[in-house]
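Structure first, then comments.
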Amino acid sequence: MPNLNDIMEMMDALETKAIITIPTFCVAVRNRHSSCRKCADVCLADAFTIEKNELNIDAGACVACGACVAVCPTSALVPMDPMPDDLAGAVAETTNAADGLTVIACARKAARNVGDPDKYAVVPCLARMEEELLVELVARGVPEICLVDGDCRTCKYRGAVPAIDDTVESTRALIEAMGSDAQITRTSEFPASIQVEDMRKAVGAARREFFTSSGHYAKDVAKSAAEKVVNEKLAQLHLQKQEQTLREKLGVKNGAGKMPTIEAERNIAILDAMSRIGDPDEPAVDEMFTRIFGDIAIDAEKCSGCGMCVMFCPTDALRKAVDRHPDEGKAYLEFQVSDCVQCNLCADACLKKCIEIVPVVSMEELFNFEPRLVEISAAKKGNKLFNRNK
């Protein structure tokens with residue numbers, strides 16, 4: 001059985017990833033012309049490398065703030081510390097203990113042992129927070145969400161402060177659009193009802209958490225021999241995948257006129273939560289500025305009807321319409337506001353640069369499950385995408 005010093009050395013030696021990637025979801029992997037660098041732009045550690053249809057994260061440089069997860073439009077980044085289900089479970093448990101008040105604190109603030117550990121959840125940094133969780137809490141009737149962080153000026157995560165503010169403002173816009181008066185606040189102090197009465201309780205909880213974590217690391221070390229074998233097999237598979245073409249990696253079938261799509265799960269979850277907050281037929285506003293959903297504007301005069309936008313749209317928000325335009329020189333596309341994630345790949349792939357993604361959406365259209373027809377130019381004779389018979 002390893003002693004405490006052994007465990008500490010093992011903890012330092014073991015490399016853990018705070019974020020794992022799903023490369024086929026990343027629009028920069030799907031198309032080298034993609035302008036999306038949202039993860040890299042928000043990363044305060046410069047841990048991202050995106051080039052030549054590849055997305056890589058330097059696990060050693062990553063500080064686990066989670067800001068990249070919140071801004072990724074296609075959910076190509078998955079947080080591991082904590083995992084989404086674990087965080088949601090912790091928030092639910094502590095909210096019940098706090099009589100319906102949700103309090104989420106950064107790890108630095110939690111380490112000061114001034115809050116009751118049974119009444120708040122902990123994340124490495126508040127940049128880890130996403131609209132999906134916050135809107136869901138409001139949909140479940142939570143009247144106030146309090147995000148507690150310390151003095152960010154001296155914190156290693158301080159570069160993520162603008163990202164935290166953006167998420168808070170984005171969430172407020174989503175819930176206020178449905179008429180909710182729930183409060184989402186950032187503060188440097190725990191609410192009075194959350195402050196610990198017995199300091200020994202907070203310190204004891206911190207110690208229990210440390211030894212529990214140490215036990216997990218000890219188990220990891222015990223499995224190291226088996227993991228080595230698995231890693232060797234994974235390395236072999238990785239080499240095999242490297243020999244594949246990009247089309248093979250992405251699963252593009254021969255003769256297909258469109259790349260495989262992914263479901264906009266985060267959009268669907270947020271839309272569902274919004275519909276439970278207020279009446280979708282009578283929202284509080286007619287339109288909403290948002291970074292979650294998007295609208296599209298196409299200059300039909302410039303459009304050549306090439307269909308590249310449809311081919312590369314990752315969520316199928318934009319697709320070829322069945323309806324025929326009465327003008328033979330024109331055609332229609334179908335566009336679904338709720339499925340658009342503002343990845344901008346349609347505009348990046350457009351050969352004529354005639355597409356613009358708009359961050360202001362109509363509330364009526366957002367909750368309308370019928371797509372909107374968008375006028376474009378008809379495909380020219382010989383177009384290999386929109387003139388396919390398959």
Side-chain angles (χ1 to χ4, degrees), residues 18-19 21 26-28 34-50 55 57-58 61-79 81-82 84 87 91 102-111 120-135 137-138 144-177 182-190 266-267 270 288-294 341-344 357-361:
I19 305 292
T21 64
C26 176
V27 291
S34 170
S35 62
C36 184
R37 295 294 185 274
K38 293 180 180 180
C39 56
D41 291 341
V42 79
C43 180
L44 56 94
D46 295 326
F48 284 86
T49 303
I50 305 172
L55 168 66
I57 303 178
D58 183 344
C62 175
V63 295
C65 69
C68 56
V69 175
V71 299
C72 179
T74 56
S75 300
L77 304 174
V78 181
D81 182 24
L87 177 57
V91 169
T102 293
V103 180
I104 303 171
C106 72
R108 192 181 192 200
K109 190 67 178 180
Y120 69 90
V122 182
V123 289
C125 174
L126 291 184
R128 167 68 179 80
M129 302 311 302
E130 300 177 67
E131 290 93 337
E132 181 179 346
L133 175 60
L134 299 177
V135 175
L137 287 169
V138 176
E144 183 179 357
I145 300 171
C146 185
L147 305 178
V148 186
D149 50 4
D151 187 354
C152 295
R153 291 175 298 175
T154 58
C155 178
K156 68 178 181 178
Y157 299 122
R158 60 187 178 274
V161 169
I164 303 172
D165 291 333
D166 288 346
T167 298
V168 171
E169 289 304 314
S170 176
T171 304
R172 285 174 179 161
L174 293 168
I175 65 174
E176 288 173 2
Q183 298 297 307
I184 302 176
T185 59
R186 279 188 66 194
T187 177
S188 59
E189 301 296 336
F190 284 102
R266 179 166 57 183
N267 283 29
I270 291 176
M288 171 181 62
F289 180 89
T290 173
R291 72 177 186 182
I292 298 297
F293 309 100
V341 295
Q342 287 194 44
C343 69
N344 212 57
I357 297 299
V358 183
V360 177
V361 300

Leu77/Leu55 under side chain to side chain contact (heavy atoms under 4.5 Å, CB included): CA gap, chis, key distance, verdict: CA-CA 10 Å; Leu77 304 174; Leu55 168 66; 4.1 Å; yes
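- Between the CG atom of Asn344 and the OG atom of Ser34 there is a distance of 7.5 Å, given to the nearest 0.5 Å.
- For Ile57 against Cys62, the heavy-atom pair with the smallest separation is CG2-CB, 4.5 Å.
- Evaluation of the ring pair (Phe, Tyr, Trp, His ring centres under 6.0 Å) rule for Tyr120 yields Phe190 as partners, not counting sequence neighbours.
- Note that the CD1 atom of Ile270 and the CD atom of Glu132 stand 6.0 Å from one another [nearest 0.5 Å].
- Across Asn267, Ile357, Ile292, a single residue satisfies side chain to side chain contact (heavy atoms under 4.5 Å, CB included) together with Val341, and that is Asn267.
- Among all heavy-atom pairs drawn from Ile50 and Ala28, the shortest one is CG2-CB, 3.4 Å.
- Residue Arg186 holds its CZ atom at 12.5 Å from CD1 of Ile104, rounded to the nearest 0.5 Å.
- Partners of Glu130 by salt bridge (charged side-chain N to carboxylate O under 4.0 Å, His left out), not counting sequence neighbours, listed by chain and number: Arg128, Arg266.
- When every heavy atom of Arg291 is checked against every heavy atom of Ala70, the shortest pair comes out as NH2-O, 4.0 Å.
- Contact between Ile175 and Ala182 at its shortest, heavy atoms only, is CD1-O, 3.8 Å.
- Partners of Glu144 by salt bridge (charged side-chain N to carboxylate O under 4.0 Å, His left out), not counting sequence neighbours: none found.
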Test side chain to side chain contact (heavy atoms under 4.5 Å, CB included) applied to Val361 and Met288, step by step: CA-CA 5 Å; Val361 300; Met288 171 181 62; 4.1 Å; yes
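- In this structure, the separation between CZ on Arg172 and CD on Gln183 is 8.0 Å, given to the nearest 0.5 Å.
- The SG atom of Cys36 lies 10.5 Å from the CD atom of Gln342; values are rounded to the nearest 0.5 Å.
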Stepwise side chain to side chain contact (heavy atoms under 4.5 Å, CB included) test for Cys125 and Ile164: CA-CA 9 Å; Cys125 174; Ile164 303 172; 4.2 Å; yes
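- With rounding to the nearest 0.5 angstrom, the CD1 atom of Ile145 is 7.5 Å from the OG1 atom of Thr171.
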Verdict with supporting geometry, Thr21 and Phe48, side chain to side chain contact (heavy atoms under 4.5 Å, CB included): CA-CA 11 Å; Thr21 64; Phe48 284 86; 5.6 Å; no
